[in-house]
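In what follows, every chain begins at residue 1, and chains take the letters A, B, ... in the order their sequences are listed.
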Protein chains: 2
Amino acid sequence: MAYRPADQIVHKAAWLYYTHGLRQDEVAQRLNISRASVALYLRRAREAGIVNISTSTQLFRKDMMARRLEDALGLETVWLVGEEGLTQDPAAEIPTLAASVFLEMVKNGDRVGVAWGRTVYAIADAMAYADRQGVTVVELCGNLGSPYSYRPDQCTMEIARRLNARGLNFYAPLVLSTEELARALREEPVVREQLDGISSCDLALFTVGTLDEDSHVIKCGALGLEELHRLKKQGATGVIAGQIIDAEGAWLDCDYNRRMISADFDAIRAIPRRLMVVQEDEKFEPLLAAINGRFFTHLVLTSGMAARLIEHTDARANEHEPAKATA
Amino acid sequence: MAYRPADQIVHKAAWLYYTHGLRQDEVAQRLNISRASVALYLRRAREAGIVNISTSTQLFRKDMMARRLEDALGLETVWLVGEEGLTQDPAAEIPTLAASVFLEMVKNGDRVGVAWGRTVYAIADAMAYADRQGVTVVELCGNLGSPYSYRPDQCTMEIARRLNARGLNFYAPLVLSTEELARALREEPVVREQLDGISSCDLALFTVGTLDEDSHVIKCGALGLEELHRLKKQGATGVIAGQIIDAEGAWLDCDYNRRMISADFDAIRAIPRRLMVVQEDEKFEPLLAAINGRFFTHLVLTSGMAARLIEHTDARANEHEPAKATA
DNA sequence: CATGCGCATTGACAAAAGTCAATGCGCTGC
DNA sequence: GCAGCGCATTGACTTTTGTCAATGCGCATG
């Protein structure tokens with residue numbers, strides 16, 4: 001490149017300002033130009049790449065990934081565990097982290113909605129005792145009468161206990177045998193009130209469930225194997241508060257969902273802060289569905305999953321704007 | 001450590017401010033903290049190296065003198081400080097510039113050899129935090145056990161820290177009391193391996209030392225005064241990685257050098273990019289010796305020294321081809 | 001359980017940086 | 001040679017950032 005004296009002064013200004021830490025007026029004085037010119041040169045220097053301002057990637061790799069996910073998914077905050085090699089299994093740390101995060105999110109007087117699942121129960125179990133004032137914990141879905149160990153009401157009550165909060169259970173089963181019965185029950189005042197109360201929550205805690213033969217919904221008896229296979233053909237991809245969603249995160253219009261007593265998805269989305277916790281790596285597809293459904297605003301997951309998500313969203317971005325791929 | 005919300009918010013603030021270009025008040029609003037806190041976090045982020053601001057060193061090589069020196073000495077690149085009246089003492093800027101230049105030279109995956117000296121330590125100190133990947137920093141010479149403030153291993157480790165690199169120290173002293181011991185130690189597998197690893201470096205950073213009564217080698221106790229005088233009579237002119245060279249840049253065959261554990265000169269010369277930094281004007285003669293020894297490929301020095309060098313090489317050229325002097 | 005200590009946070013003010021219309025200067029074309 | 005154009009530069013004003021004393025909060029200690 002030819003020697004352009006015009007660039008020289010831009011370089012000089014950048015050097016004095018960024019490397020030497022002089023103020024703009026000092027730089028101006030030193031170079032015998034106005035401070036306004038210095039400001040202009042500095043902008044040019046940044047734009048031309050003479051000055052590089054970057055946030056560290058390697059030192060804070062996890063944080064970096066979290067920030068990128070927040071941006072890509074439009075989330076409030078993302079927390080990641082793993083990568084650092086501190087524990088053998090990063091997933092094991094998820095409930096601990098999620099419990100801390102959740103505790104920090106609960107403010108006095110909050111109304112908190114809690115869904116159900118292995119992970120939610122593990123979080124409850126890992127949660128420290130805190131004495132919040134005036135907190136109410138409500139269920140986001142109906143109950144399961146089965147003796148299965150992680151019952152929705154247990155999650156709710158355990159979390160309420162840890163928070164020194166009032167726990168309110170749904171006075172209805174999760175799944176009924178007929179659509180008519182479910183519809184009728186939903187209109188019962190006491191149930192209606194509980195369902196309506198969901199959208200007035202300040203905070204929600206839930207996971208997304210998978211739909212495999214050893215999934216939670218199957219093992220707890222809510223859903224039979226043959227029905228599972230039929231639903232999967234219809235596009236069933238994941239489970240949110242007991243209800244089945246398709247790959248787009250939309251409520252799957254099926255007999256099973258219609259027989260369910262659980263939070264209306266719009267009611268869930270009306271809750272301002274919604275913490276999603278994903279522990280198992282198998283939940284990738286369901287998580288994508290949940291993302292599409294915009295079910296959550298805060299996310300706790302492993303860095304492995306985070307990496308897959310970033311890769312996935314990048315790939316999608318390139319699909320849409322292939323020109324950028326080469327840049 | 002598992003979950004440090006303190007770091008998280010600092011990183012997030014830095015991300016929003018520097019990567020997203022939000023204003024401090026916007027960041028504060030987003031994070032629900034005061035703007036004053038944002039300003040504080042950003043300062044911490046800069047200090048902790050979460051944010052890197054670096055300026056191109058182009059300015060310092062766009063100089064005619066630098067070009068002439070490159071040609072005259074057959075060097076890759078020369079950077080000059082001074083002349084522009086930017087600072088009162090040009091020498092004071094040498095470490096800053098050298099640090100920038102050096103940072104620009106270090107690529108991911110590089111193996112970097114670092115020698116020792118006041119200047120090298122000053123460079124380490126002035127160096128910005130950067131997050132290179134897979135960089136290894138090795139010592140070019142043995143260690144000094146003395147409590148003198150600029151120890152070789154400190155240089156190495158500090159530079160490694162700044163680069164987010166792995167630092168490897170020599171497991172041997174710089175000078176031993178007998179030649180036999182030095183020879184034996186050199187053949188120790190662990191030391192041998194370290195010595196052999198020098199030639200596989202991609203980049204080296206070092207200075208040339210003087211041999212006066214207040215020189216570094218004397219002050220740190222490696223060399224005694226009487227020995228110094230004896231060696232100077234033998235032609236000792238400068239110091240490279242602890243070892244003494246004569247005016248031609250050749251290894252001085254003396255007891256002192258033979259008692260030393262340090263990089264073989266051919267190993268040093270096998271490193272493709274070798275940055276020499278000369279801060280003090282007193283180092284003119286040693287620098288000439290180092291030039292003769294072809295110890296370096298890149299050079300950072302003051303324009304005052306550069307002028308003397310050009311004058312010197314011109315004079316020598318005229319000696320050899322006086323006819324050209326009149327042309 | 002009260003007390004004191006230290007550190008994080010904040011509000012308010014001072015300093016610095018960004019912006020933009022007005023000006024000046026050099027260059028081109030007539 | 002001169003008018004017109006475009007771009008660099010600047011002063012004056014606004015916005016943004018830095019700073020610091022005051023405050024508050026949590027934590028450990030007596």
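A:Arg35 comes within 4.0 angstrom of a nucleotide base, judged by non-hydrogen atoms across all strands. At the heavy-atom level, A:Leu42 lies nowhere under 4.0 Å from the strands shown.
For C:dA16, the OP1/OP2 oxygens have no side-chain nitrogen or oxygen of A:Tyr17 closer than 4.0 Å. For B:Arg43, a side-chain nitrogen or oxygen approaches OP1 or OP2 of D:dT19 to under 4.0 Å. Contact check, B:Ser37 against C:dT9: no side-chain N or O comes under 4.0 Å of OP1 or OP2. Regarding contacts with the backbone of C:dA8, every side-chain N or O of B:Tyr41 stays at 4.0 angstrom or more from both OP1 and OP2.
In the set C:dG11, D:dA8, D:dG18, the nucleotide with an atom closest to the side chain of A:Arg44 is D:dA8. The nucleotide whose nearest atom lies closest to any side-chain atom of B:Ser34 is, among D:dG18, C:dC20, C:dG11, C:dG11. In the set C:dG18, C:dT19, D:dT9, C:dT19 carries the atom at the smallest distance from any side-chain atom of A:Ala36. When distances are taken from the side chain of B:Ile33 to each of D:dT9, C:dT10, C:dT19, the shortest belongs to C:dT10.
D:dT16 atom C1' lies 14 Å from atom CG of B:Leu22, rounded to whole Å. Rounded to whole Å, atom P of C:dG11 lies 15 Å from atom CD of B:Gln24. Following rounding to the nearest Å, B:Arg23 (CZ) and D:dG18 (C1') show an atom-to-atom distance of 16 Å.
The closest side-chain donor-acceptor pair between A:Arg46 and A:Tyr41, if any, does not fall under 3.5 angstrom. Counting only N and O atoms by type, the side chains of A:Asp71 and B:Trp15 include a donor and acceptor under 3.5 Å apart.
Between B:Glu47 and B:Arg44, none of the side-chain N atoms (NZ, or NE/NH1/NH2) sits under 4.0 Å from a carboxylate O, so this pair counts as no salt bridge. In summary, B:Arg30 and B:Glu26 do not engage in a salt bridge, as defined by a charged side-chain N under 4.0 Å from a carboxylate O.
A donor-acceptor pair under 3.5 Å is absent between the side-chain atoms of A:Arg162 and the main chain of A:Ala126, judged by distance alone.
Along DNA chain C, the nucleotide nearest to A:Asp25 and the one nearest to B:Leu40 differ in position, and the one closer to the 5' end is contacted by B:Leu40.
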